[in-house]
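Just so it is clear, the model here is predicted, and its values are computed rather than measured. Throughout, protein chains are lettered first and strands after them, A, B, ... in sequence-line order, and every chain is numbered starting at 1. Hydrogens, waters and symmetry mates are skipped; everything else that's a heavy atom, side chains included, is used.
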Amino acid sequence: MPFQLYDTASRQIRALDPVVPGRVSIYHCGLTVQGPPHIGHIRKEVVFDVLRRWLERSGLEVSIVANVTDIDDKILAKGDEQGRPWFAVAYENERALHAAYEVLGCIPPTYEPRATGVVPEMIEMMQTLIERGHAYAAEDGSGDVYFDVRSWPSYGELSGQRVDDMLNAEDAPPEGKRDGRDFALWKGHKDGDPESASWPTPWGRGRPGWHLECSAMAAKYLGHEFDIHGGGLDLRFPHHENELAQSRAAGQPFARVWMHNAMLNLAGAKMSKSVGNTLMVSEVVKRVRPIALRYYLAASHYRSIVEFSEESLAEAATAFGRIEGFVRRAAALAGPGEPGDVPAEFAAAMDDDLSVPAALAVLQGHVTDGNSLLTAGDTAGAGEALARVRGMLDVLGLDPLSPTWDRGGDDAAQVQVIDALVEGLLEQRQAARAAKDFATADRVRDQLTAAGIDIEDTPQGARWSVKG
RNA sequence: GGUGGGUUGGCCGAGAGGCGAGGCAACGGACUGCAAAUCCGUUUACACGGGUUCAAAUCCCGUACCCACCUCCA
C-alpha cells in the first residue's frame with residue numbers, strides 16, 4: 001500500500017503523489033517567536049518529525065522547510081515592554097525553540113528561514129499580485145498592501161467557507177480596505193515603531209504581514225508546487241487560506257496536500273499563548289523524562305485532540321518504561337545490534353495516514369513476544385525481536401539506544417564509578433542471600449532503592465538501573 | 001450567524017456495518033526467600049432517542065453536551 005495522508009483541503013485520505021518521484025517536499029509553519037515553545041507547539045514538531053522519519057524509512061528523500069516568524073505585532077510589543085530590541089526577543093525565543101527540538105529528539109528541518117530574510121521575495125510577489133489585479137496599496141496612504149479577497153473567486157476553498165458567511169474583522173480598522181475581509185500582505189510603518197522593523201518598498205517603508213512570508217518562503221525553497229503543507233489546525237483559517245489564495249493568485253499551484261495536526265488541550269481549552277494556559281517544554285521535562293514526553297505526544301493520532309493531564313502523562317511514561325525495559329534487557333543479553341526492518345503490519349499502519357496508535361499496538365505485541373523469548377532464555381530470538389522493536393522505535397524517534405537518547409558520552413565515566421559501587425553492594429547482597437540472611441540482603445536492596453536505583457533479578461544475576 | 005471535529009470500559013486511546021486494537025490500573029495465577037521485572041488469565045464499552053439492515057459503536061434522522069476556526073495562535 002502506498003503512503004496515504006488525510007488532505008484537509010479535499011477532506012479525504014489521498015495517496016501521496018510527489019511532484020518529483022522519489023522526493024517529498026514538506027513545508028510546515030513553525031513558530032511566531034513571541035515566547036518560548038509550549039508542549040502544544042512541540043506536539044506539532046513531533047508529528048512532523050515522525051512523518052519525516054517514516055517517509056525516509058520508506059526510501060524517499062525528504063526536504064522539510066519550517067519557517068520562523070520573527071516579526072509581528074506581539075514581538076514588537078514585547079520588545080517595547082522589556083526595553084530591548086524586538087529582534088533580541090525573537091532570537092531568544094528562536095533559540096528556545098531549537099533547544100526544545102533537541103531535547104525531544106526532533107531532527108532539525110532541512111532549512112528554517114526567517115520571515116525577515118525573504119523581504120525581497122515578498123515584494124516581488126506583491127508586485128505580481130498587484131499586476132494581476134489581486135492586491136492593492138491601501139487608499140489611505142498608510143503604506144499597507146492588501147489582498148483583494150473579492151478578486152479571487154475560490155477564496156475560502158481550504159476552510160470550506162464562503163466570503164459572505166465570514167464575519168467582518170471588527171478589530172481591524174477598515175480604513176484602507178476595499179472589503180473588511182481583505183487581509184494585509186504588508187503593513188506600512190507607523191510612527192513609534194522602531195526603524196529597524198521596517199524595510200523599503202515601492203509603497204513606502206513597512207514590514208511583512210503575517211501570511212505572505214510563508215508563500216514567499218515555500219516558493220523560494222521548495223518551488224512553486226510542492227507536496228505537503230502542514231501546521232496546526234488553528235492555522236487553517238485564516239493563515240493557510242490566505243497563503244493558498246496569494247500563491248494561486250500569483251500563478252503558483254502551491255501545496256498538493258494539506259496536513260493539519262489537532263490541538264493539545266489543557267482543562268478543556270486549546271493550549272495557547274492568548275488563553276494563557278501554557279505548559280512550557282522546558283518545565284515539563286523537569287517532571288518527566290523527555291523521551292517519555294515524546295512518547296506521550298507521539299502516541300495519539302495526529303488528528304485527535306490530546307487532552308493533557310499529568311495522569312495520562314505519567315501513564316505514558318509507565319507504558320514506555322515497559323518497552324524500554326525490554327530493549328535494555330534484550331540488549332544486555334543479546335547485544336544492542338542495530339535497528340532492523342519493521343514488520344509489515346507496522347508499515348501498513350504508518351502508511352495509513354500515519355496511524356501511530358495502530359503501529360504502537362504492533363510494537364507492543366513484539367515487546368510481549370520478546371519478553372517471552374527472554375524468559376525462555378532464547379538469546380538469538382530475543383536479539384531478532386530487539387532488532388525489530390528498535391526498528392519500529394527508530395521510526396517514532398523513540399529508540400532508547402540511539403545516539404539521540406543514549407547520551408553515554410558525557411557521563412560514561414560516572415556510570416563506571418556507579419557501576420563499580422553498585423556491583424560491590426550487589427555482591428554483598430548475593431552473598432547474604434546465599435547464606436539465607438535475607439534481612440541483610442533486603443537492607444542492601446532498600447539502600448539502593450532509596451538512592452534511586454532499581455534492582456532486577458534475572459537468571460543471569462541482578463541488574464541495576466537508575467529509576468526513571 | 002457560518003464552517004469543521006468529537007462523546008468508546010475505572011482511566012488513556014484505536015477502530016468506522018458481522019470477527020472483543022493496544023496500553024495503564026485492579027484482581028487472580030506462574031516465577032521469586034520476599035519483592036521488583038516478566039508471562040498467562042479475568043472484569044466493566046461504544047452520549048441519549050428513534051430508524052435502515054439478516055446484522056449498527058460504525059449508516060440515516062433527531063436531541064444533549066464538548067472542542068476548534070471565522071481576531072493573534074502549532
Side-chain angles (χ1 to χ4, degrees), chain A residues 8 11 28-32 34-35 37-48 66 69 72-74 77 97 156 159-172 181 210 230-239 241 260-265 268-275 296 299-301 303-307 309 311-323 325-326 329 345 349 355-365 367-376 432-434 436-439 441-442 445-446 449 454-459 462-463 465:
Chain A
T8 316
R11 292 176 195 81
H28 65 89
C29 288
L31 282 205
T32 303
Q34 306 156 348
H38 59 61
I39 56 174
H41 294 134
I42 212 68
R43 177 190 189 190
K44 187 214 69 174
E45 302 301 343
V46 169
V47 164
F48 283 92
T69 300
D72 85 321
D73 293 355
K74 287 185 183 172
L97 173 64
S159 53
Q161 304 181 94
R162 299 182 318 136
V163 173
D164 291 322
D165 290 337
M166 293 177 193
L167 297 175
N168 248 312
E170 285 169 14
D171 58 338
R181 291 113 175 151
W210 176 31
L233 192 52
D234 54 349
L235 296 187
R236 186 179 46 160
F237 189 92
H239 184 51
E241 188 75 70
H260 289 106
N261 63 282
M263 299 292 97
L264 184 143
N265 285 6
K270 179 180 78 165
M271 183 174 290
S272 79
K273 290 176 275 201
S274 47
V275 178
Y296 175 67
S300 301
H301 189 94
R303 287 195 284 126
S304 295
I305 292 171
V306 170
E307 188 66 52
S309 74
E311 292 74 25
S312 51
L313 179 62
E315 187 185 293
T318 307
F320 181 72
R322 177 171 166 268
I323 296 168
F326 164 70
R329 277 191 301 278
E345 315 86 75
S355 296
V356 175
L360 272 179
V362 175
L363 188 155
Q364 279 155 339
V367 167
T368 300
D369 294 346
N371 275 326
S372 295
L373 292 166
L374 279 177
T375 305
R433 290 176 75 196
K436 301 223 184 290
D437 177 5
F438 298 121
D442 289 349
R445 186 170 63 194
D446 291 346
T449 304
D454 282 331
I455 300 304
E456 209 182 301
D457 289 320
T458 75
R463 293 181 61 241
S465 57

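B:rG5 and B:rC46: their P atoms are spaced 24 Å apart (whole Å). One C1' atom belongs to B:rU38, the other to B:rC54, and the distance between them is 46 Å to the nearest Å. Comparing the P positions of B:rA21 and B:rA57 gives an interatomic distance of 13 Å, to the nearest angstrom. Atom C1' of B:rG10 sits at a distance of 15 Å from the matching atom of B:rU42, rounded to the whole Å. Spacing of C1' atoms, B:rU8 relative to B:rG22, comes out at 14 Å, to the nearest Å. Separating the P atom of B:rG20 from that of B:rG62 is a span of 33 Å, rounded to the nearest Å. A gap of 43 Å separates the P atoms of B:rA26 and B:rU63, to the nearest Å. Atom C1' of B:rU3 sits at a distance of 33 Å from the matching atom of B:rC11, rounded to the whole Å.
Considering only side-chain N and O atoms, A:Thr32 lies under 4.0 angstrom from the phosphate OP1 or OP2 of B:rA74.
One atom, CG of A:Asn261, and another, P of B:rC69, lie 13 Å apart when rounded to the nearest Å. Protein atom CD of A:Gln161 is 9 Å distant from nucleotide atom P of B:rC70, rounded to whole Å. Between the CD atom of A:Gln364 and the C1' atom of B:rC12 there is a distance of 12 Å, rounded to whole Å. Spacing between atom NE2 of A:His301 and atom P of B:rC12 amounts to 19 Å, rounded to whole angstrom units. Note: NE2 (A:His38) to C1' (B:rC72) measures 12 Å, nearest angstrom. As rounded to whole Å, 10 Å separates atom P of B:rC69 from atom CZ of A:Arg236. Taking atom NZ on A:Lys74 and atom C1' on B:rC72, their separation rounds to 4 Å, with Å as the unit. Separating the CE atom of A:Met166 from the C1' atom of B:rG4 is a distance of 13 Å, rounded to the nearest angstrom.
A:Gly231 comes within 4.0 angstrom of the backbone, heavy atoms only, and of no base. Within the nucleic acid shown, A:Leu360 has no heavy atom closer than 4.0 Å to any nucleic acid atom. Within 4.0 Å (heavy atoms only), A:Gly365 reaches no atom of the nucleic acid at all. Counting non-hydrogen atoms under 4.0 angstrom, A:Leu264 reaches a base of the nucleic acid. A:Gly30 comes within contact range of the sugar-phosphate backbone alone, with a heavy-atom separation under 4.0 Å but no base atom that close. When heavy atoms are screened at a 4.0 angstrom cut-off, A:Ser304 is found touching the sugar-phosphate backbone but no base atom. Contact annotation for A:Leu233: no contact, since no heavy-atom pair falls under 4.0 Å across all strands.
A distance-only check finds a donor-acceptor pair linking the side chain of A:Glu307 to the backbone of A:Gly268 [under 3.5 Å]. In terms of modelled atom types and a separation under 3.5 Å, the side chain of A:Arg445 and the main chain of A:Ile455 share no donor-acceptor contact.
Using a 4.5 Å heavy-atom threshold, the side chains of A:Glu315 and A:Thr318 count as separate. You'll find the side chain of A:Asp234 reaches within 4.5 Å of the side chain of A:Lys270, heavy atoms only.
With hydrogens and angles ignored, a donor-acceptor pair closer than 3.5 Å exists between the side chain of A:Glu315 and the base of B:rG23. A donor-acceptor contact under 3.5 Å links the side chain of A:Ser274 to the base of B:rC72.
The two atoms that bring A:Phe48 and A:Gly231 nearest to each other are CZ-N, 3.6 Å, heavy atoms only. Minimum interatomic distance between A:Cys29 and A:His239 (heavy atoms only, all atoms of both residues): SG-NE2, 3.6 Å.
When both distances must be under 3.5 Å, the Watson-Crick or G-U wobble mate of B:rA68 is B:rU3. Within the shown strands, B:rU42 is the pairing partner of B:rA26 under the Watson-Crick or G-U definition, both distances less than 3.5 Å. Checking B:rG62 for Watson-Crick or G-U wobble geometry (two distances, each under 3.5 Å) identifies B:rC48 as its partner.
One finds the CE atom of A:Met263 at 8.5 Å from the CG atom of A:Asn265 (value rounded to the nearest 0.5 Å). Note that the CG atom of A:Leu264 and the CD1 atom of A:Ile39 stand 5.0 Å from one another [nearest 0.5 Å]. Distance check: A:Arg181 CZ to A:Met166 CE gives 8.0 Å after rounding to the nearest 0.5 Å.
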For a quick check, with a 4.0 angstrom heavy-atom cut-off, what is the B/S/- contact string for nucleotides 32-48 of chain B, read 5' to 3'?
-BBBBSSSS--------

